[in-house]
Amino acid sequence: MAVESPARTAQALLRAQRPIERICYLIGAALMASGVVHLAVFAVDGGPFLGPVSWRKPVTFGLSFGLTLISVTWVASYLQLPERMRNWLLGIFAVDSVVEVAGITLQAWRKVPSHLNTETPFNAAVAFSLAFGGLVLVLVLGLLAVTALGGRIDGPPSMRLALRAGFALLAAGLAAGIAMIARGEVLIKSGHRTEGYDSAGFLKLFHGVTLHAVLVLPLLAWLLARTSRTEEQRTTLVARAAGLYVAVAVVALAVSLIRM
């Protein structure tokens with residue numbers, strides 16, 4: 001089996017991209033650049049890097065949302081979707097990612113918490129937009145996950161396995177995000193605002209690990225397809241990697257629960 005050169009592979013990928021995919025890749029790159037810029041801001045401005053009011057949030061959310069948008073756009077290219085539905089789902093996801101990162105970044109510059117903050121009408125409006133954006137995120141990614149888990153995938157068995165495992169882990173990460181928001185809301189509404197801010201992110205390690213499985217596992221399958229291994233060997237390696245990823249996620253969940 002001939003191995004493609006990186007340059008030829010890159011050219012083929014660029015030609016195969018749909019217009020909506022190019023737009024999403026550019027937006028994802030811009031969000032990641034925002035995260036890097038705010039890391040530089042933290043280096044200059046200083047202050048705490050952890051907690052509800054810190055530069056960590058625009059850094060991590062910019063990098064994470066940018067990478068997730070790029071990842072989801074790429075893996076969605078393997079899913080059998082009507083083009084109009086694909087355009088709508090990716091377009092909504094891109095806009096939602098921008099709104100989420102923009103709201104978090106705005107509140108970081110204002111030196112106030114972004115999530116669960118209802119102390120003023122403006123802060124409540126930002127918090128509501130972030131919560132609504134989170135719901136939209138869950139719906140869009142949920143639809144893509146249902147498509148992947150339902151078997152509507154263009155690709156060899158190794159890629160199909162990688163996509164299904166990646167989206168299943170992604171769904172677990174989304175569930176963790178919902179659980180964190182719910183915990184924060186319960187604590188704040190019961191009069192424990194500070195504790196709500198401090199402990200709402202109790203599953204963030206598990207959340208972060210599982211969200212990016214949708215990139216790591218398909219990327220592994222894509223790289224293996226460019227080697228001389230047989231498809232059976234590639235599928236076996238992807239299955240082992242998926243099992244290892246699940247084990248890492250379980251450890252991350254255990255650590256998160258122990259630290260509660």
Side-chain angles (χ1 to χ4, degrees), residues 20 23-39 41-42 49-76 88-118 120 122-145 167 170-185 188 196-197 200-215:
I20 186 63
I23 293 171
C24 288
Y25 288 143
L26 289 173
I27 293 175
L31 293 177
M32 293 186 71
S34 173
V36 173
V37 167
H38 283 89
L39 184 60
V41 170
F42 166 70
F49 193 68
L50 301 177
V53 181
S54 68
W55 292 118
R56 171 190 59 83
K57 298 191 76 171
V59 171
T60 56
F61 276 78
L63 292 172
S64 183
F65 266 93
L67 182 59
T68 301
L69 176 58
I70 291 171
S71 304
V72 169
T73 301
W74 174 57
V75 298
W88 273 104
L89 289 176
L90 292 181
I92 291 171
F93 186 38
V95 171
D96 188 44
S97 297
V98 172
V99 170
E100 290 286 306
V101 175
I104 289 161
T105 302
L106 171 66
Q107 296 298 70
W109 280 96
R110 295 181 66 237
K111 307 294 185 183
V112 296
S114 52
H115 293 84
L116 311 174
N117 184 358
T118 57
T120 69
F122 182 81
N123 290 335
V126 173
F128 175 78
S129 69
L130 295 176
F132 181 76
L135 175 61
V136 172
L137 183 75
V138 170
L139 291 176
V140 170
L141 293 179
L143 284 171
L144 292 175
F167 270 110
L170 173 66
L174 294 175
I178 294 172
M180 288 189 288
I181 293 174
R183 177 179 171 82
E185 287 286 354
I188 288 174
Y197 287 148
F202 71 107
L203 290 176
K204 62 185 177 183
L205 178 60
F206 175 78
H207 180 66
V209 168
T210 51
L211 280 185
H212 297 299
V214 78
L215 170 63

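- G133 approaches E100 most closely through the heavy-atom pair CA-OE2, 3.2 Å.
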Side-chain donor-acceptor pairs under 3.5 Å in residues 62-69, sequence neighbours left out?
unit_1 : atom_1 : unit_2 : atom_2 : d
S64    : OG     : H212   : NE2    : 3.4
T68    : OG1    : S64    : O      : 2.7

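- The nearest pair of heavy atoms linking I70 to Y25 is O-CE2, 3.5 Å.
- To the nearest 0.5 Å, the span separating CD1 on I27 from OG on S97 amounts to 8.0 Å.
- With a 4.5 Å cut-off on side-chain heavy atoms, T73 and F93 do not count as touching.
- From L31, atom CG reaches atom CZ of F61 across 12.5 Å, with rounding to the nearest 0.5 Å.
- Between atom CG of residue L137 and atom CG of residue L211 there is a gap of 8.0 Å, rounded to the nearest 0.5 Å.
- Between V59 and L39, the closest heavy-atom pair is CG2-N, 3.3 Å.
- Ring geometry, H38 versus W55: the interplanar angle falls from 30° to 60°, so the pair is classed tilted.
- When all heavy atoms are compared, the tightest approach of V214 to S71 is CG1-CB, 4.3 Å.
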*Can you list the steps and then say if L215 with W74 is a side chain to side chain contact (heavy atoms under 4.5 Å, CB included)?*
CA-CA 9 Å; L215 170 63; W74 174 57; 4.3 Å; yes

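- Summarising the geometry of A94 relative to C24, their closest heavy-atom pair is CB-SG, 4.0 Å, with the distance given to 0.1 Å.
- You'll find the side chain of L170 stays beyond 4.5 Å of the side chain of T210, heavy atoms only.
- Scanning both residues, L130 and G103, for their nearest heavy atoms gives CD2-CA, 4.2 Å.
- For the pair V136 and V99, the minimum side-chain heavy-atom distance is 4.5 Å or more.
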*Take R110 and N123 through the side chain to side chain contact (heavy atoms under 4.5 Å, CB included) test and state the conclusion after the steps.*
CA-CA 10 Å; R110 295 181 66 237; N123 290 335; 2.6 Å; yes

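- By the ring-ring contact (aromatic ring centres under 6.0 Å, His included) test, F42 pairs with F49, sequence neighbours left out.
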